[in-house]
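Please read the structure below before turning to the comments.
In this text the structure is predicted, and so the values were computed from the model without any measurement.
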Amino acid sequence: MMKTRTCGELRERDAGTPVSLAGWVNRRRDQGGLIFIDLRDRWGITQVVVDLELAPEAHAIADSARNEYVLRVSGKVRIRPEGTANPELPTGDIDIVADEILILNRSKTPPFYINKDDGNVDEALRMRHRYLDLRREPMQQKMILRHKTVKLIRDFLDAEDFIEVETPILFKTTPEGARDFLVPSRLQPGMFYALPQSPQQLKQLLMVGGIERYFQIARCFRDEDLRGDRQPEFTQLDLEMSFVEREDVMQLMERLASEIVKTVTPEKRLIAEPFQRILYQDALEQYGTDRPDIRFDLRAIDIGHIAGRCAFPVFVENVKAGKPVKCMRVPGKAAALSGTQLRKEARDLENMARRAGAKGLAYITVPTEPEGELRGPIGKFFNVDLKLELLDAVGAEGGDLLLFMSDEPQIVYAVTDALRNHFKAELQLDDDLLAFCWVIDFPEFIWDDEHERWDPSQHMFTMPLAEDLHLLDCDPGQARGSQYDLICNGYEVGGGSIRIHDREIQEKIFPLIGQTMEHAMAEFGHMLEAFEYGAPPHGGMAWGIDRLVMLLAGAPNIREVIAFPKTQGGADIMAHAPSDADGAQLKELHIQLDLPEESED
């Protein structure tokens with residue numbers, strides 16, 4: 001080995017020990033006869049002292065070294081002279097007196113500082129030189145955090161008698177929501193594999209195969225529009241269990257989540273244990289989303305029973321039409337703003353509501369004095385009794401801002417979500433507080449107006465709740481699925497369900513989602529056939545590893561916790577991928593390109 005010790009482990013107890021270190025020049029200081037080099041590797045930084053009188057050859061080499069040069073240093077550990085210790089470094093009580101230095105490689109001047117945590121470096125520049133970005137201490141810590149998280153998952157599941165089984169990357173293209181990445185087959189011209197969006201079918205087949213408890217750290221691929229918490233290729237913990245009910249899977253996954261937080265990131269805090277459980281419909285009604293961030297308590301409260309008796313025509317008409325009227329209380333917001341500021345805030349919030357599809361957004365301010373009047377455009381439409389009833393219903397206090405929404409339910413949900421996200425940014429929430437919760441009892445299907453069919457809310461293999469199975473024959477829109485999503489701080493960390501294991505039930509799903517049995521047999525015949533050979537009841541879950549580590553690291557997006565991510569345009573700007581394919585390759589695959597014409601604009 002070129003190094004006998006790391007740059008992060010030496011202490012006073014090692015004084016007098018001859019060592020060899022290897023790493024990068026983090027910083028160099030020339031004081032004439034003495035040159036100081038901070039040598040860095042993955043484990044830390046150690047100061048190296050090169051004395052012209054003691055080691056003239058090493059001094060000459062150190063004189064030519066620059067930041068990011070790769071060096072091998074041999075010498076002895078010594079306790080630093082009194083008054084020169086560096087309490088900022090774990091190795092700050094010692095240094096290495098060098099007697100030999102070897103330059104293993106030189107470096108050009110990097111396009112950004114490696115030895116400074118500069119958050120202002122352009123992300124595109126970092127991704128173009130990702131191999132340099134990965135040397136930076138924050139990125140190294142994120143990669144270590146990711147490793148520790150995955151290792152704990154493997155150890156935890158191994159202790160629970162799961163076995164890790166790899167499933168194919170080249171599989172069959174099937175409709176699973178997002179677009180598939182297709183891989184042409186050279187040996188079977190005109191035929192294509194698909195990269196797996198998830199190992200959903202394969203893990204169910206493993207249960208049919210008697211594996212009973214399976215997991216893998218799986219690579220998955222989806223050709224979909226990207227955002228901060230999505231990438232075209234991503235990593236998930238994929239897991240499946242036989243002979244379980246929904247509660248069994250959820251309890252095991254909750255124990256795993258708690259163990260990850262407490263062991264890997266003990267500085268983080270769980271908001272509550274056991275995790276809160278929220279019905280899907282309640283999540284929409286109160287938070288406007290099925291991924292609620294429960295670190296803060298701004299909720300939409302149904303006040304239709306009050307609004308229908310007020311004198312505001314919009315509310316009265318909407319209540320008669322069966323549309324909801326919701327109120328969101330923003331504590332102390334009105335008291336914190338001047339009159340001018342409040343009117344501007346109200347205009348901004350109304351514009352936000354309009355962008356979410358609403359026709360407007362009404363508001364009332366609650367007076368700080370006991371005898372004061374409710375103020376705002378619609379305050380005059382509530383008589384004294386209704387005002388008192390309203391304030392009691394929403395728990396209002398003096399200085400609060402009350403926001404009112406009334407429209408079709410989906411628009412009210414969108415406005416609620418937009419308002420919560422707006423105020424969330426103002427609250428500067430604690431990223432060290434992890435608010436896990438479960439969302440359960442999703443609808444089995446969601447109606448697709450455009451195609452006039454039901455679409456699975458999760459996927460077509462989700463088992464309806466036992467008490468709702470009969471609804472498949474008469475009222476499928478009311479059937480609830482056995483789906484469960486694990487949410488943390490407003491992000492879906494994972495999701496799962498109990499699966500269909502009975503061919504008769506599975507065959508009822510296909511016509512509801514617009515598939516003929518002929519098409520279903522062509523796409524999923526292998527699954528239907530497997531269900532006829534003693535398929536056990538089973539269920540499972542998939543976790544987004546990238547998203548989980550992003551939350552544990554307090555990172556702003558998943559690109560920060562992936563070694564070599566793609567841009568939001570799906571490009572690898574370091575390796576210049578995707579790229580043109582060689583004409584000979586395309587010919588061999590019998591592929592002819594039909595590209596859209598380039599715009600002249």
Side-chain angles (χ1 to χ4, degrees), residues 171-182 192 194-205 207-208 220-225 238 240 246 279-281 283-284 290-291 409-410 413 439-485 492 494-532 535 537-542:
F171 195 55
K172 183 176 184 177
T173 176
T174 56
E176 291 191 37
R179 300 180 189 88
D180 286 326
F181 282 103
L182 299 179
F192 294 83
L195 303 181
Q197 296 186 32
S198 77
Q200 180 60 49
Q201 297 177 51
L202 294 164
K203 66 180 176 182
Q204 290 192 243
L205 293 173
M207 297 303 100
V208 180
C220 303
F221 309 83
R222 292 180 185 173
D223 185 5
E224 58 187 354
D225 294 335
D238 201 55
E240 202 77 4
R246 180 169 74 173
L279 299 180
Y280 167 82
Q281 195 60 40
L284 291 182
D290 58 5
R291 302 182 304 277
Q410 293 300 326
Y413 300 154
V439 177
I440 59 173
D441 288 5
F442 286 74
E444 179 79 3
F445 307 104
I446 296 174
W447 182 250
D448 182 344
D449 285 320
E450 181 181 352
H451 299 98
E452 296 186 342
R453 70 180 186 209
W454 295 105
D455 283 340
S457 69
Q458 186 188 43
H459 55 66
M460 65 189 70
F461 304 110
T462 297
M463 177 72 85
L465 292 179
E467 59 267 34
D468 290 356
L469 268 173
H470 69 283
L471 295 173
L472 296 181
D473 299 317
C474 59
D475 195 1
Q478 294 301 311
R480 294 164 297 164
S482 59
Q483 180 181 350
Y484 35 87
D485 280 3
E492 180 188 339
S497 64
I498 299 300
R499 324 299 188 185
I500 295 173
H501 66 279
D502 182 283
R503 176 168 181 158
E504 183 179 343
I505 296 174
Q506 189 66 68
E507 287 184 343
K508 289 184 178 182
I509 302 296
F510 292 125
L512 292 172
I513 61 176
Q515 293 193 20
T516 65
M517 281 309 300
E518 291 77 15
H519 182 268
M521 285 300 299
E523 296 285 356
F524 306 107
H526 54 287
M527 295 287 289
L528 296 173
E529 183 178 10
F531 289 165
E532 295 185 304
H538 58 278
M541 190 165 170

Apply side chain to side chain contact (heavy atoms under 4.5 Å, CB included) to residues Glu492 and Val439 and explain how you reach the verdict. CA-CA 10 Å; Glu492 180 188 339; Val439 177; over 6 Å; no
Partner of Arg499 under side-chain hydrogen bond (donor to acceptor under 3.5 Å, both in side chains), picked from Gln204, Glu240, Gln506, is Glu240
Classify the angle between the aromatic ring planes of Trp447 and Trp454 as parallel (below 30°), tilted (30 to 60°) or perpendicular (above 60°). perpendicular
Nearest non-hydrogen partners of Asp448 and His451, listed with the distance: OD2-ND1, 2.8 Å
Ile500 vs Thr462 side-chain heavy atoms within contact, under 4.5 Å: no
For Phe221, what residues pass the ring pair (Phe, Tyr, Trp, His ring centres under 6.0 Å) criterion, not counting sequence neighbours? none
Under 3.5 Å, is there a donor-acceptor pair between the side chain of Asp180 and the main chain of Leu182? no
Nearest-0.5 Å distance, CG of residue Asp290 to CZ of residue Phe442: 5.0 Å
Between atom CG of Leu279 and atom CG of Leu284, what is the distance when rounded to the nearest 0.5 Å? 11.0 Å
So, using side-chain contact (heavy atoms from CB on, under 4.5 Å) as the criterion, who are the partners of Phe171 when residues are at least two apart? Gln201, Leu202, His526
Any Ile498 side-chain heavy atom under 4.5 Å of Pro537 side chain: no
Minimum heavy-atom separation for Ala530 and Ala535, please, with both atom names. O-CB, 4.3 Å
Set of residues satisfying ring pair (Phe, Tyr, Trp, His ring centres under 6.0 Å) with respect to Tyr413, sequence neighbours excluded: none
Tell me every residue that passes side-chain contact (heavy atoms from CB on, under 4.5 Å) with Pro511, counting only those two or more places apart in sequence or in another chain. none
About how many Å separate CE of Met521 and OG1 of Thr516, when rounded to the nearest 0.5 Å? 11.0 Å
Can you name the side-chain hydrogen bond (donor to acceptor under 3.5 Å, both in side chains) partners of Asp225, sequence neighbours left out? none
Evaluate the side chain to side chain contact (heavy atoms under 4.5 Å, CB included) criterion for residues His501 and Met207: first the C-alpha distance (whole Å), next the side-chain angles of each, then the deciding distance (0.1 Å), finally the verdict. CA-CA 10 Å; His501 66 279; Met207 297 303 100; over 6 Å; no
What pairs meet the salt bridge (Lys or Arg N to Asp or Glu O under 4.0 Å) rule with one or both residues in residues 454-482, with sequence neighbours excluded? Asp441-Arg480, Arg453-Asp455, Glu467-Arg480, Asp468-Arg480, Asp473-Lys508
Tyr484 side chain to Ser497 backbone, donor-acceptor under 3.5 Å: yes
For Phe181 and Asp223, the nearest pair of non-hydrogen atoms, with its separation, is CE1-N, 3.5 Å
Student check: side-chain heavy atoms of Arg222 and Ser198 closer than 4.5 Å: yes
Can you list the residues that meet the salt bridge (charged side-chain N to carboxylate O under 4.0 Å, His left out) rule with Glu507, with sequence neighbours excluded? Arg503
For Glu444, the side-chain hydrogen bond (donor to acceptor under 3.5 Å, both in side chains) test, sequence neighbours excluded, returns none
Quick one: list whatever passes side-chain contact (heavy atoms from CB on, under 4.5 Å) with Leu469, sequence neighbours left out. Met463, Pro464, Leu472, Ile505
All side-chain hydrogen bond (donor to acceptor under 3.5 Å, both in side chains) counterparts of Asp485, not counting sequence neighbours: Gln483
Name all residues meeting the salt bridge (charged side-chain N to carboxylate O under 4.0 Å, His left out) criterion together with Glu224; count only those two or more places apart in sequence or in a different chain, and write none if there are none. Arg230
If you count heavy atoms of other groups shown closer than 6.0 angstrom to CD of Glu532, is the number above 12? yes
Among all residues two or more places apart in sequence or in another chain, which pass the ring pair (Phe, Tyr, Trp, His ring centres under 6.0 Å) test with Phe531? none
Quick one: pull up CZ in Phe461 and CZ in Phe524 and give me the separation to the nearest 0.5 Å. 4.5 Å
